[in-house]
Amino acid sequence: MNRIITLDEFIIRGQNTYTDATGHLTRLLRDIGIAAKIVNREVNKAGLVNILGIAGSDNASGDDVQKLDIFANQVFIDCLNNGGECCGIASEELEDFVQLDPVKNKEAEYTVVMDPLDGSSNIDVNVSVGTIFGIYKRKSDVSGPCDIGDFLQKGTELVASGYVLYGTSTILVYSTGNGVNGFTLDPSIGEFCLSHPDMKIPKTGNYYSVNQGYYLKFDLEMRRYIDHCSDSNLRLRYIGSMVSDLHRIMFQGGIFLYPNTRKYVDGKLRLLYECNPMSFIIEQAGGTAINTKLERILDLDVMDIHQRSTIVIGSPDMVAEMVKFVERYSAVSI
Ligand code: P6P
């Protein structure tokens with residue numbers, strides 16, 4: 001009989017392989033798993049409890065905030081606050097980072113960056129949404145409050161990152177820097193169970209993922225590459241949820257692009273809590289993640305919590321091919 005390995009069990013086993021593991025990261029990952037289960041419950045009934053619709057405010061990204069965004073953001077804050085392992089959170093839904101309350105006899109060693117409900121415009125039409133999270137070791141002293149320097153860290157400094165996809169099933173995918181593993185939620189027991197051990201992205205694929213509607217607003221090199229994808233009979237898949245689009249690429253291979261446009265001259269996606277955590281995962285699975293200046297995403301300096309970045313991410317052979325188009329057609333010498 002196949003033995004079910006729950007997320008908790010897997011995390012604890014992973015802790016046991018590190019001699020200096022203290023259990024703090026283990027508890028933090030478990031807190032994230034709890035929050036994901038709570039958010040999943042509400043996402044699955046969003047159409048029933050009148051929490052659809054725009055809450056009337058907008059977030060730091062200027063997106064209309066859906067009520068479920070607010071709920072998801074608060075759930076992660078509450079779960080991480082209770083756990084006592086995290087000293088502060090930076091979120092797409094918050095203008096500035098939030099200090100968490102110290103928990104008695106706990107030293108909060110980590111900070112969390114997150115997009116609590118990525119692709120939330122899909123909620124009302126019952127299309128997949130996701131959570132993106134990244135975990136950093138704080139740089140400030142554990143005896144005091146966290147500060148902005150605990151968040152403005154390069155992607156290479158990430159201790160762990162992951163995403164939750166609330167789709168036809170709910171899957172949590174994460175890495176602590178030693179490969180990528182996926183856990184599918186079994187609602188009958190309320191546990192995330194190891195379903196996709198040691199995930200590796202295909203070296204190439206037949207899908208490209210970009211908002212074709214902006215084609216005429218892209219730079220020449222991007223338009224030429226997109227023409228090449230079309231001429232090569234690649235299939236365009238774009239859901240408008242980074243987590244969903246990249247999860248497909250993790251399994252089937254492909255390339256996801258969000259270049260600069262006239263509206264988003266630095267790209268739309270956020271470096272800290274979208275591009276870096278997803279790039280960490282994709283690199284750990286054998287993929288590549290760069291910006292349209294051909295710089296590695298994880299190496300980019302993070303100067304602001306809501307800093308935007310262009311991104312080209314996915315199967316290594318496909319990103320390498322796209323690089324050739326930039327080198328050939330870019331008006332700016334790369
Ligand atoms: P557009 C969702 O709002 C998001 O941040 C990503 O999840 C997604 O890939 C992108 O923006 C979609 O943006 O401009 O194509 O609607």
Side-chain angles (χ1 to χ4, degrees), residues 36 39 43 46 52-55 57-70 72-73 76 90-94 113-134 161-167 171 173 207-219 222-223 226 229 236-250 254-282 287 289-292 297 304-314 319:
V39 171
V43 166
L52 298 179
I54 293 169
S57 60
D58 61 17
N59 64 22
S61 300
D63 295 339
D64 292 329
V65 178
Q66 306 280 355
K67 292 175 185 174
L68 212 46
D69 277 350
I70 297 172
N73 191 60
F76 277 93
S91 166
E92 180 176 48
E93 301 305 331
L94 300 172
V113 297
M114 67 175 183
D115 183 353
L117 212 60
D118 170 68
S120 52
S121 57
N122 288 332
I123 295 168
D124 285 2
V125 292
N126 206 26
V127 172
S128 303
V129 292
T131 295
I132 304 173
F133 65 88
S161 85
Y163 63 84
V164 184
L165 177 57
Y166 309 101
I171 185 169
V173 175
Y207 293 100
Y208 70 107
S209 189
V210 65
N211 187 330
Q212 194 88 12
Y214 299 148
Y215 176 84
L216 294 176
K217 300 175 177 67
F218 292 149
D219 292 339
M222 285 301 144
R223 284 182 274 130
I226 292 169
C229 292
L236 174 60
R237 291 288 188 278
Y238 191 78
I239 292 185
S241 158
M242 187 185 195
V243 171
S244 308
D245 285 319
L246 280 179
H247 186 67
R248 177 196 317 103
I249 287 170
M250 279 286 279
I255 188 169
F256 174 93
L257 309 98
Y258 206 116
N260 48 292
T261 64
R262 287 185 211 127
K263 180 179 179 183
Y264 297 116
V265 292
D266 296 321
K268 175 189 180 187
L269 301 181
R270 305 300 180 162
L271 177 60
L272 185 65
Y273 44 75
E274 290 177 315
C275 297
N276 268 338
M278 295 309 289
S279 298
F280 184 88
I281 288 275
I282 290 288
I290 59 174
N291 63 14
T292 50
I297 291 288
D304 178 83
I305 286 176
H306 301 293
Q307 176 179 334
R308 297 180 190 271
S309 174
T310 61
I311 187 166
V312 178
I313 181 172
V319 175

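Since this is a predicted model, take the numbers as computed values, not measurements. Whatever order the structure lists ligands and atoms in, that order sets their numbers, starting from 1.
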*Start with the C-alpha distance between Asp69 and Ser120, add both sets of side-chain angles, then the distance that settles side chain to side chain donor-acceptor pair (under 3.5 Å), and finish with yes or no.*
CA-CA 7 Å; Asp69 277 350; Ser120 52; 2.9 Å; yes
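- For ligand 1, the atoms closer than 4.0 angstrom to any heavy atom of Tyr214 are 1 (P), 14 (O).
- With 3.5 Å as the limit, one finds no donor-acceptor pair spanning the side chains of Tyr258 and Ser309.
- Polar contact check, Tyr238 against ligand 1: a nitrogen or oxygen pair lies under 3.5 Å apart.
- A distance of 11.5 Å separates NZ in Lys217 from CZ in Arg223, rounded to the nearest 0.5 Å.
- With a heavy-atom cut-off of 4.0 Å, Leu269 touches ligand 1 through its side chain alone.
- Residue contacts with ligand 1 leave out Arg270, since none of its heavy atoms falls under 4.0 Å from the ligand.
- Atom-to-atom distance recorded for Tyr273:OH and Thr131:OG1 is 14.0 Å, nearest 0.5 angstrom.
- Every atom of ligand 1 with a heavy atom of Asn211 under 4.0 Å away is listed here by number and element: 1 (P), 15 (O).
- Checking only distances, Asp245 never comes within under 3.5 Å of ligand 1, N or O to N or O.
- For Asp115, no nitrogen or oxygen atom sits less than 3.5 Å from a nitrogen or oxygen atom of ligand 1, counting backbone and side chain alike.
- Taking the six-membered ring where tryptophan is involved, the planes of Tyr238 and Phe256 are essentially parallel, since the angle between them stays under 30° and well short of 60°.
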*Should Asp219 and Asn260 be marked as a side chain to side chain donor-acceptor pair (under 3.5 Å) after you check the CA-CA gap, both sets of side-chain angles, and the distance that decides it?*
CA-CA 8 Å; Asp219 292 339; Asn260 48 292; 2.9 Å; yes
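- Remark: ligand 1 atoms within the under-4.0 Å shell around heavy atoms of Phe256 are 9 (O).
- Leu257 CG to Asp245 CG: the interatomic distance, rounded to the nearest 0.5 Å, is 11.0 Å.
- Within the set Met278, Lys268, Glu274, Lys263, the minimum heavy-atom distance to atom 11 (O) of ligand 1 is found for Lys268.
- Residue contact check: Met242 has heavy atoms under 4.0 Å from atoms 6 (C), 7 (O), 8 (C), 9 (O) of ligand 1.
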